2 protein chains.
Amino acid sequence: MNDDKNTEEKILNAARQVFIEKGFDGTRMQEIADTAGMNKALLHYYFRSKEKLFMKIFEITFKQFVPKMSGIFSSDTSFMDKIQLFISSYIDLLDKNPYIPLFIIRELSRNPNVIKELIFDKFEIIYNAIDLNVKAEIQAGRIRDIDTKHLILNTVSMCIFPFVGKPLLKHLFKTNDDEYRTILIERKNVVFEVIKKWISI
Amino acid sequence: MNDDKNTEEKILNAARQVFIEKGFDGTRMQEIADTAGMNKALLHYYFRSKEKLFMKIFEITFKQFVPKMSGIFSSDTSFMDKIQLFISSYIDLLDKNPYIPLFIIRELSRNPNVIKELIFDKFEIIYNAIDLNVKAEIQAGRIRDIDTKHLILNTVSMCIFPFVGKPLLKHLFKTNDDEYRTILIERKNVVFEVIKKWISI
DNA sequence: TAGTACATTAACTAAATGGTTAAACTCAAT
DNA sequence: ATTGAGTTTAACCATTTAGTTAATGTACTA
């Protein structure tokens, strides 16, 4: 019997919440059931096993995060604008979902095979789109001769790591949650400035 | 009965290995015992509980990583040299211990309280040392007016994240382990270049 | 050599955990 | 009302896991 949402959706929501916070190893099926407000057996009725339920969650979460960046680089604004837009919207996305990067990294590190069962063919499209842009800009003499890989590494590192490293960095800076969040939002400008200065002629 | 190392040391070595790879939740006391080549009861004989053994490991690992950076900023070379030295030696350190950042982040995220029981008073010293350097350079007009927090965030992000995000980024770049490691080593120059361009007048 | 303090082990316990089952419930179609 | 298919639950099961215990081994000393 359903309240407003159907049972499957309630399970997925609860599972996402618990898995993202505690990781696969730290998650108990009972806790998911409690969070969803139902009997533990229902989880198995709908998803057979913890592993299967987890994979569903991981897949959904992963697909939610990766492709968000792909679209930007096919629009027709200037390269610099694309970069600025990417940084700004990605930090916004992280601000709304601060625990997802660590979740993905943690679980990918626990079991690197999961990525093979996922859409990592999309990766090629994304990388090629960016690489094409970069090469064209270099050719046209609008930016310095940089390596696309390092451009990506630098940009995503500076965007993501402050979220992932928060528990440590918060202490280093002696900030509370609000102050730290302010810094994170400031980074929309800072990261773009850093990248711009680096690639500009 | 000891072979060459004493038992306590063998336990600590095995525990470090397993905890760092699998995290607290993913670690079984039996696996540590197997790795150390001894009976599981010995772990409890020497360290009482999984929690206590874990804290020992975390403390050792944490202390091994944080203070390495503090010394550099009290030497008397130029500011730019200090930054370059920091980046270079930190990436070397990460290259030798690539799993430690994720370990620290993962466990700090699982239980943020552990940091309070640790030396995070050292943090203040480190931060102040860097901040003093930065302010002096700005005052002297040798670098632009930048925020110390963002300097730290940018630098450590670009150094650490490529190690933490390896399982994902390796696929994005379609590289094998050797190729990816080459990129990581290249970053000693890249990261310095990026920071230098950013802070130079 | 007997005693003793510490080290090590095999066997065990209690609790937790993922998963199963059989019965009960709900509701729409007959 | 009855049926029947899908849903939900309480109780249960087998295994795993952190932690304990009691007995055995070891090495040093008086």
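Every value quoted in this text rests on a predicted model; they were computed, and no experiment measured them. To find a chain, count down the sequence lines: A is the first, B the second, and so on, and within it residues start at 1.
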Length of the CG-P vector between A/D34 and D/dT9, whole Å: 12 Å
Counting primed atoms, P, OP1 and OP2 as sugar-phosphate and everything else as base, the B/S/- map of nucleotides 15-21 of chain D against protein heavy atoms under 4.0 Å is --SBBBB
To the nearest Å, how far apart are A/F47 CZ and D/dT7 P? 12 Å
Would you say A/E137 and A/V134 make side-chain contact, with heavy atoms under 4.5 Å? no
Determine, for A/F58 and A/R106, whether the Lys NZ or Arg CZ falls below 6.0 Å from the six-membered ring centre while staying within 45 degrees of the axis. no
So B/L153 and A/F161, do their side chains get closer than 4.5 Å, heavy atoms only? no
Between the side chains of B/E193 and B/K197, is the shortest nitrogen-to-carboxylate-oxygen separation below 4.0 Å, so that they form an ion pair? no
Rounded distance in Å - CG (A/L43) to P (C/dT20): 13 Å
Calculate the interatomic distance between A/I11 atom CD1 and D/dT7 atom P; express it in whole Å. 11 Å
Check whether any side-chain heavy atom of A/I152 lies under 4.5 Å from a side-chain heavy atom of A/Y127, and answer yes or no. yes
Write down the distance between OH (A/Y45) and C1' (D/dA10), rounded to a whole number of angstrom. 17 Å
Phosphate contact (C/dT8 OP1 or OP2) by B/Y46 side-chain N/O below 4.0 Å: yes
Report yes or no: is the cationic atom of B/K50 (NZ for Lys, CZ for Arg) closer than 6.0 Å to the six-membered ring centre of B/F24, at no more than 45° off its axis? yes
Rounded to whole Å, how long is the line connecting atom CG of A/L42 with atom C1' of C/dG19? 14 Å
